[in-house]
Amino acid sequence: MRATQLFETGDIRTVDVPVPTPASGEILIKVEAAGICGTDRHLYRGDFPSVPGKTLGHEFSGLVVDGGDTGIAEGTRVTCDPNTWCGTCDQCQRGRVNLCSNNIATGIHRDGGFAEFCAFPASKAVVLPSDLDPLHGAFCEPLACTLHGMDMGATRPGERVLIIGGGVIGLMAVQIAKLAGGEVMLLTRSSEKQALGKRTGADHAVGTEADLRNLWPNGADLVVECAGVASTVAIAPKLARTGGRVVILGVLPQGEQVEVEPFDLLFREIQMHFSFLNPFTHARAAQMVSDGTISVDPLISRTISLDDAAEAIASPPLKGEVRAIVVPSG
Ligand code: NAP
């Protein structure tokens with residue numbers, strides 16, 4: 001089968017590999033859709049530690065073609081929660097499973113979804129409806145991460161919620177904040193993503209801090225940073241109103257520093273939260289994608305084949321692109 005593997009920083013290729021054999025407790029999935037995430041590009045550039053020679057792809061779904069000893073029927077459509085925590089370490093024992101020191105992330109530590117087939121732990125698979133658009137299953141994982149951050153932010157009805165960054169995470173955060181009753185503004189530079197933000201529920205979409213201040217001079221009750229760049233992490237607390245909250249979902253390269261002003265944060269009692277991965281949110285995400293509570297179709301910018309996946313990961317997203325989906329059988 002074909003699989004897109006990261007051999008070392010800057011060396012990603014689609015190659016022929018054997019179809020994996022599911023171990024006990026695993027299922028074999030024919031991958032239908034796998035999203036290219038910013039994290040895949042971070043891994044390619046060496047911003048995050050990676051394991052050489054692994055198939056990337058952690059946002060994927062597909063059909064079970066071999067249920068092994070798990071009892072899951074062939075033909076079942078599943079979405080895969082890529083994080084397999086140990087359950088025994090100090091953090092797992094405290095219920096902080098996303099901080100598990102032994103977490104095995106599919107698509108980083110073990111072979112992931114940019115492949116025709118993937119062997120996957122059945123315990124981390126969530127069943128999707130058989131009539132779901134196969135491309136939509138790839139959005140469960142990013143939605144699960146966004147839900148964790150939005151749970152932390154805990155939007156209250158009527159609050160002003162500012163989402164920074166109009167990528168897939170930001171555009172899902174817009175929708176979640178609207179569902180919670182917020183007045184929502186998206187701050188993102190490209191006009192295409194501002195328009196998409198409005199289409200997916202934002203009350204306002206702006207491209208600059210000045211435009212934001214014109215509408216909300218005192219800032220937002222909740223600011224959710226979903227751009228993953230130093231400048232937006234730095235301005236996020238400044239854009240929160242006095243007494244407001246900030247959730248950082250965006251990931252910066254390891255070692256990158258951001259200036260904060262503790263005096264300002266303290267005198268305005270700004271709460272800062274950092275949201276990591278998807279503890280216990282994958283099944284909720286699968287439900288919200290399945291029943292259409294979260295609209296994912298507008299977030300699909302293009303579909304590409306496995307043979308084009310390596311180049312797409314090695315390159316920046318196309319102008320205005322939200323999510324490129326790899327369709328291995330395409
Ligand atoms: P993405 O597609 O790169 O989207 C980020 C968006 O931010 C871009 O589309 C860009 O749109 C916007 N942006 C960039 N610079 C900006 C600026 N100076 N001001 C305003 N907007 C700016 O990424 P994504 O997939 O949505 O993911 C977002 C972040 O979340 C990434 O850092 C990713 O690694 C991270 N993430 C975190 C978790 C977690 O568990 N915490 C999980 C998944 C992803 P414009 O061109 O329109 O500005």
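The shown structure was predicted, so the numbers you read here are calculated from the model rather than taken from an experiment.
Applying the side chain to side chain donor-acceptor pair (under 3.5 Å) test to Asp131 and every residue at least two apart in sequence or in another chain returns nothing. Here Cys226 pairs with Ile163, Ile169, Ala173, Val224, Leu249 under the side chain to side chain contact (heavy atoms under 4.5 Å, CB included) rule; sequence neighbours left out. For Ser24, the side chain to side chain donor-acceptor pair (under 3.5 Å) criterion is met by Asp69, not counting sequence neighbours. When the side chain to side chain donor-acceptor pair (under 3.5 Å) test is applied to Asp307, the partners found at least two apart in sequence or on another chain are Arg2.
Distance alone, capped at 3.5 Å, places no donor-acceptor pair between the Arg160 side chain and the Gly219 backbone. For the pair Thr155 (side chain) and Gly182 (backbone), a donor-acceptor distance under 3.5 Å is absent. Judged by distance alone, with hydrogens and angles left aside, the side-chain atoms of Ser275 form a donor-acceptor pair with the main-chain N or O of Gly149 at under 3.5 Å. Judged by distance alone, with hydrogens and angles left aside, the side-chain atoms of Thr76 form no donor-acceptor pair with the main-chain N or O of Ile72 at under 3.5 Å. At distances below 3.5 Å, at least one donor-acceptor pair connects side-chain atoms of Glu225 with backbone N or O atoms of Gly250. Using a distance-only test at 3.5 Å, with no hydrogens or angles considered, no donor-acceptor pair links the side chain of Gln287 to the main chain of Arg284. A donor-acceptor pair is defined here as one N or O able to donate and one able to accept, closer than 3.5 Å; no such pair exists between the side chain of Glu32 and the backbone of Val327. Proximity of a side-chain donor or acceptor of Arg268 to a complementary backbone N or O of Pro237 within less than 3.5 Å is detected. For the pair Thr79 (side chain) and Ala286 (backbone), a donor-acceptor distance under 3.5 Å is absent. Although no hydrogens or angles enter the test, the distance criterion places no donor-acceptor pair under 3.5 Å between the side chain of Thr55 and the main chain of Asp111.
Separation of atoms OG1 (Thr21) and CD (Glu26) is listed at 10.0 Å; rounding is to 0.5 Å.
The two residues Leu143 and Ala285 have their closest heavy-atom pair at CD2-O, 3.6 Å. The shortest heavy-atom contact between Asp40 and Gly35 is OD2-O, 3.8 Å. The two residues Ala33 and Pro134 come nearest to each other via the heavy atoms CB-O, 3.6 Å.
Residue Arg302 qualifies as enclosed at atom CZ: its count of foreign heavy atoms under 6.0 Å is above 12. Taking a 6.0 Å sphere around CZ of Arg45, one finds it holds more than 12 heavy atoms contributed by other residues, nucleotides or ligands.
With respect to Arg13 and Glu311, no salt bridge is recorded, no charged nitrogen being found less than 4.0 Å from a carboxylate O. Residues Lys178 and Asp203 are paired through a salt bridge, judged by an N-O separation under 4.0 Å between the basic side chain and the carboxylate. Contact check on Arg213 versus Asp211 returns no salt bridge, with no Lys/Arg side-chain nitrogen under 4.0 Å from an Asp/Glu carboxylate oxygen. Ion pairing between a basic and an acidic side chain is recognised when a charged N comes within 4.0 Å of a carboxylate O; Arg245 and Glu159 show such pairing. Look at Arg323 and Glu59 and you find a salt bridge, because one of the NZ, NE, NH1 or NH2 atoms lies within 4.0 Å of a carboxylate O, short of that distance.
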message: Glu321 vs Lys193, test: salt bridge (charged side-chain N to carboxylate O under 4.0 Å, His left out). Steps then yes/no.
response: CA-CA 8 Å; Glu321 180 167 284; Lys193 289 178 184 175; over 6 Å; no
message: Between Asp47 and Arg41, does the salt bridge (charged side-chain N to carboxylate O under 4.0 Å, His left out) criterion hold? Intermediate values first, please.
response: CA-CA 9 Å; Asp47 297 335; Arg41 294 190 170 97; over 6 Å; no
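Between His136 and Phe139, the two ring planes are perpendicular [angle over 60°; tilted spans 30° to 60°].
Side-chain contact, Asn98 with Asn83: no donor N or O sits under 3.5 Å from an acceptor N or O.
Results of the side-chain contact (heavy atoms from CB on, under 4.5 Å) test with Asp221 over Arg241, Arg156, Glu183 single out Arg241 as the only residue that passes.
Chaining together hydrophobic side chains whose heavy atoms lie under 4.5 Å apart places Val223 alongside Leu162, Ile164, Met185, Leu187, Val206, Leu212, Leu215, Trp216, Val233, Ile235, Leu239, Val246, Ile248, Leu252, Val258, Val260, Leu265, Ile270, Met272, Phe274. Residue Leu28 belongs to a hydrophobic cluster whose other members are Met1, Phe7, Val15, Val17, Val19, Val65, Phe117, with links defined by side-chain heavy atoms closer than 4.5 Å.
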